[in-house]
Amino acid sequence: MSDNKYNPQETENRYYKIWEERKYFEIDGNKAIQEEGKNFSIMMPPPNVTGRLHIGHALTFTLQDIITRYKRMDGYKTLWQPGTDHAGIATQNVVEKQLLAEGTTKEALGREKFLERVWAWKEESAGIMTEQLRYMGVSPAWERERFTMDTGLQKSVKESFIHLYNEGLIVRGNYMVNWCTHDGALSDIEVEHEDTDGKFYHITYPFADGSGSVEVATTRPETYFGDTAVMVHPDDARYKDLIGKEIKLPLLERRVKIIADAHVDMEFGTGVVKVTPAHDQNDYEVGKRHDLEFITVFDEKGILNEYAGEFQGLERLEARETIVKRLDEEGFIVKIEDHKHQVGHCYRCKNIVEPYISKQWFLRKEVATASIEKTNAGEAQFFPPHWINSYNSWMGELRDWCISRQLWWGHQIPVFYCDDCGHEFASQEDAPESCPKCASKHLTQDPDVLDTWFSSALWPFSTLGWGNGDVEMDKLFQSDDMKNFYPNTLLITGFDILFFWVARMMMMGEHFNGQLPFNHIYLHALVRDEHGNKMSKSRGNVIDPLDMVEKYSADILRFTLAISAAQGRDIRMSTEKLEQNRNFTNKLYNASKYLQMNVETFPDMAGFCVESDLGRYMMSRLNFATKEVRKNLDEYKFNDAALVMYKFLWNEFCDWGIELSKADKGAIVELGAIFKEAMKLLHPFMPFITEHLYHQLSGTSLDDADSIMIQKFPSKTKQRKEEQKFELIMDAIVSIRRAKVLVDLANQKIEKAFVKIEGISDKDKEMMLPFISKLAKVEHLEFTDTKIENSVSDISDLCVTFIPTDSIDLAPIIKKLTKQDEKLQKEIGKLSGMLNNERFVANAPEDVLEKNRSLLADAKAKQAKVLEQLEALQK
RNA sequence: GUUCGGGUAGCUCAGGGGUAGAGCACUUCGUUGACAUCGAAGUGGUCGGAGGUUCAAAUCCUCUCUCGAACACCA
């Protein structure tokens with residue numbers, strides 16, 4: 001039984017295994033076609049070890065693979081560097097949860113045992129993600145797979161830290177940071193501000209001298225224990241006399257001063273603000289300006305301390321109600337209003353984040369200065385370009401980056417404190433022998449670890465061996481990698497990590513290597529569901545890429561993502577689109593089946609000469625498609641490149657090439673060669689089916705022949721554009737088909753028809769005749785130089801066709817011609833309007849003028865024929 | 001509030017100074033062996049609105065309406 005459907009499941013896994021075994025993905029996998037001096041490098045954004053493949057991964061890795069396969073086939077020494085990320089908080093949380101289920105904690109286990117546990121789990125989990133990646137058909141250099149905490153990268157992290165530390169760019173100090181009572185210190189971008197329904201509490205603060213009170217408004221009454229001032233605006237007439245007075249905090253005996261600071265917004269609230277320097281970012285600044293006391297009222301877990309008086313021991317958020325109730329009982333609450341405001345939440349656990357004074361490590365913002373300048377000088381280019389605006393606006397407001405995290409899983413900060421003399425120093429060694437200052441052997445390492453993004457920031461060069469020492473050199477990296485692959489040619493990632501990752505790589509890459517880490521930075525958008533909603537578990541609209549691979553195929557999923565990936569636009573994923581592209585793969589399968597029904601195997605284009613008229617026409621179209629695909633891929637217009645392939649293969653090769661070949665079977669061998677070439681062009685998008693059909697048509701099999709993935713990517717050949725005759729042929733065919741519809745004989749075989757085409761030779765006519773008569777289904781087709789009487793005709797762009805007829809209903813024909821006339825009249829009006837405009841004639845470029853003149857002439861000629869026909873019919 | 005992106009055929013979206021495009025849907029027709037996951041021929045749009053620049057604007061500029069995102073915010 002001959003099968004009409006392509007079965008991807010049979011081929012995909014098998015081919016992938018062979019590719020990987022043969023090391024095609026590695027740097028020299030394409031050795032035979034590599035060209036001197038052409039290098040290409042792209043780093044895989046390392047997915048979390050804890051992760052499972054989601055649709056966003058599918059998009060980003062598909063795009064990366066398309067470019068990688070394109071470059072590899074185009075003769076570049078190609079590095080696509082794979083790896084996974086240790087993902088500090090996420091991973092630690094997973095293992096902590098496991099421990100909880102076992103009834104124990106990390107504290108009970110101890111740091112060392114806990115880390116052993118995480119490593120064990122990492123070994124188990126990392127393979128899942130990379131295995132899932134393989135189902136997508138991606139082709140990174142797996143033999144070089146890295147992990148952000150592997151031995152070599154640990155060395156490079158230490159190397160970079162120590163460098164920055166010694167330069168004074170990494171510093172430790174007491175600052176106000178974003179504090180999560182579960183996860184510890186967070187950087188600014190790890191805080192998510194969300195609209196929250198809260199309350200606005202108006203509280204009376206009595207004057208210390210008993211002469212009355214003042215009303216302050218706050219959203220966080222539980223922090224008032226830390227108030228060390230009350231402030232008003234210096235220009236606020238209402239409160240001018242209060243400045244300098246003292247108030248007594250409710251329920252406490254503590255007195256604080258009323259101060260004046262321009263930070264206060266007179267219009268907002270009561271115009272009187274409580275100042276809590278230890279628990280509010282703005283108040284922190286005010287506190288420094290006015291030299292106020294900094295009183296911290298709760299501990300790292302959010303438990304109120306002795307400053308909270310009777311409320312000591314309560315959790316900060318749970319305490320709020322209790323505190324307000326007591327204040328109300330004592331008559332300090334004036335009113336409570338509903339108030340919507342932005343509250344910072346921990347990106348990881350959604351806990352409310354507190355501004356909190358804490359001793360942390362910071363990377364100073366000065367490290368970024370040169371990278372910003374170089375980016376704006378054009379050293380790196382964004383795709384789409386508008387992203388440089390976001391990059392700049394964020395870089396412009398850059399603050400010191402808090403890089404220490406209160407976790408155990410991660411790169412432990414390589415700084416040691418001497419227990420005896422207090423000396424602090426950074427060291428490459430895991431356990432330095434002794435204090436370099438006092439030689440004491442009692443040393444303690446800083447317990448914190450680095451923000452996960454610190455090691456990710458080094459990824460574009462740490463994976464090339466930078467700072468790795470000789471750990472696994474010649475295996476995980478080569479000594480000339482930095483020379484060959486830095487800066488990376490391209491970065492492809494989602495815009496959502498522009499600040500987290502891209503900006504940090506830019507600063508670190510520039511700082512350590514004097515050059516920005518990328519030439520091009522392509523930022524893609526989000527994948528949404530068919531209604532444009534974000535995919536989420538709670539919505540239940542998540543599309544699992546692995547399900548799609550199973551149901552459709554990796555090729556179909558990849559192609560669907562690529563053809564939807566217009567720069568800067570979100571992608572809507574739908575089964576409708578997947579089905580459309582499944583139909584496309586089926587079309588390809590059946591096209592090759594047709595070819596093989598006629599010819600068994602087909603030659604490669606190299607050294608083969610296409611000679612038939614039809615072959616030369618299709619070759620000309622392939623050249624055009626090749627040019628377009630290359631151009632679009634070079635500009636990262638994945639959607640356009642994919643669409644060119646789709647249209648060429650379906651609407652040109654199948655709809656016309658194959659159909660026309662039914663009138664010239666001798667051309668089929670050439671069409672097969674052309675189709676094989678097109679498979680190479682399509683291969684980066686659909687690696688599996690192209691491999692399959694390529695071998696099928698070559699009479700080979702991947703088991704005993706080289707893969708299509710290391711064949712040369714098509715280039716435009718020297719053949720001249722040669723399409724005119726077939727444009728005439730196709731126009732005539734369509735014209736006759738239209739005329740047949742008119743006489744209600746659509747798609748039927750007819751006895752007789754005439755074609756009138758001006759200015760072609762007898763030889764051309766002879767060549768064209770079989771094509772037209774076969775595809776238009778005309779038994780006896782003749783060329784004519786004159787109008788045929790008693791016929792229905794169709795006036796097309798390039799020809800006029802006639803079908804003789806005796807008794808037919810003319811009404812629909814007249815209607816159609818009238819409509820055609822109206823349309824032409826409109827067109828003529830528009831064109832002659834332009835051409836009668838002196839300024840247009842004076843200013844427009846000659847080719848445009850020429851084009852418009854000939855368009856006008858054509859339209860007029862066509863209208864004349866239409867009118868003539870109308871007249872004849874209306875007689 | 002600042003910045004960015006969208007508003008194009010019934011639907012989903014490309015395109016982005018030189019006569020408006022695709023897929024789906026719709027109408028009509030068609031299975032003698034590539035493919036019904038198909039083929040043929042069609043219908044359908046004053047490109048959110050108003051100004052402006054230009055010989056020429058869906059495209060560039062200004063304003064405006066509307067949807068979305070990022071960043072920043074007032075206790």
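From a predicted model like this one, the values you see are computed outputs, not experimental measurements.
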A:Glu267, CD: over 12 other non-hydrogen atoms inside 6.0 angstrom: no

A:Arg738 side-chain N/O to B:G42 phosphate OP1/OP2 under 4.0 Å: yes

A:Ser187 backbone acceptor or donor facing A:Glu190 side chain under 3.5 Å: yes

Partner of A:Tyr522 under ring-ring contact (aromatic ring centres under 6.0 Å, His included), chosen from A:Phe382, A:Phe638, A:Phe383: A:Phe638

Sidechain-backbone polar pair: A:Asp280 side chain, A:Val275 backbone, donor-acceptor under 3.5 Å: no

Considering only nitrogen or oxygen atoms on both sides, find all protein atoms under 3.5 Å from nucleotides 1-11 of chain B and state each distance.
{"residue": "B:G6", "atom": "O3'", "partner": "A:Arg569", "partner atom": "NH1", "Å": "2.8"}

Touch class at under 4.0 angstrom, heavy-atom based, for A:Leu831 against every strand present: nothing

Salt-bridge contact A:Lys851-A:Glu846 (side-chain N to carboxylate O under 4.0 Å): no

Nearest-angstrom distance, P atom, B:C63 to B:C26: 44 Å

Under 3.5 Å: donor-acceptor pair, side chain of A:Thr276, backbone of A:His279: no

Sidechain N-carboxylate O distance under 4.0 Å for A:Asp195, A:Lys340: no

Phosphate OP1/OP2 of B:A75: any A:His263 side-chain N/O under 4.0 Å: no

Phosphate contact (B:G18 OP1 or OP2) by A:Lys830 side-chain N/O below 4.0 Å: no

B:C55 OP1/OP2 closer than 4.0 Å to side-chain N/O of A:Asn843: yes

C1'-based separation of B:A36 from B:U31 [nearest Å]: 8 Å

Sugar-phosphate, base or nothing in reach of A:Glu267, heavy atoms under 4.0 Å: nothing

5'-most by nearest nucleotide on RNA chain B - A:Arg839 or A:Thr585: A:Thr585

Sugar-phosphate only, base, or nothing, as touched by A:Ala842 at under 4.0 Å among non-hydrogen atoms: nothing

What N/O pairs connect the protein and nucleotides 27-30 of chain B at under 3.5 Å? Give each pair on its own line.
{"residue": "B:C29", "atom": "O2'", "partner": "A:Ala746", "partner atom": "O", "Å": "3.1"}
{"residue": "B:G30", "atom": "O2'", "partner": "A:Asn747", "partner atom": "ND2", "Å": "3.4"}

N or O in side chain of A:Lys340 less than 4.0 angstrom from B:C73 OP1/OP2: no

Touch class at under 4.0 angstrom, heavy-atom based, for A:Gln342 against every strand present: base

Sugar-phosphate, base or nothing in reach of A:Val272, heavy atoms under 4.0 Å: nothing

Touch class at under 4.0 angstrom, heavy-atom based, for A:Asn837 against every strand present: sugar-phosphate

N/O (side chain, A:Asn590) to phosphate O (OP1/OP2, B:U37) under 4.0 Å: no

Span that lies between the P atom of B:U64 and that of B:U2, in whole angstrom: 11 Å

Phosphate OP1/OP2 of B:U12 contacted by A:His531 side-chain N/O (<4.0 Å): no

Sugar-phosphate, base or nothing in reach of A:Lys749, heavy atoms under 4.0 Å: nothing

Phosphate OP1/OP2 of B:C13: any A:Arg572 side-chain N/O under 4.0 Å: yes

Atom P, compared across B:U3 and B:G23: separation rounded to whole Å: 40 Å

Aromatic ring pairing A:Phe685/A:Phe559, orientation class (parallel under 30°, perpendicular over 60°, tilted between): perpendicular

Sugar-phosphate, base or nothing in reach of A:Asp640, heavy atoms under 4.0 Å: sugar-phosphate

Touch class at under 4.0 angstrom, heavy-atom based, for A:Pro845 against every strand present: base

A:Arg737 side chain near B:A41 phosphate (N/O to OP1/OP2, under 4.0 Å): yes

Distance below 4.0 Å between A:Lys851 side-chain N/O and B:U19 OP1 or OP2: yes

Base partner of B:C47, which must satisfy Watson-Crick or wobble distances under 3.5 Å: none

Gap in Å between the two C1' atoms, one belonging to B:G18 and one to B:A56, rounded: 7 Å

Neighbours of RNA chain B within residues 282-290 of chain A, by heavy-atom distance under 4.0 Å: A:Asn282

Presence of A:Trp650 side-chain N/O under 4.0 Å of B:U37 phosphate oxygens OP1/OP2: no

Sugar-phosphate only, base, or nothing, as touched by A:Asp570 at under 4.0 Å among non-hydrogen atoms: nothing

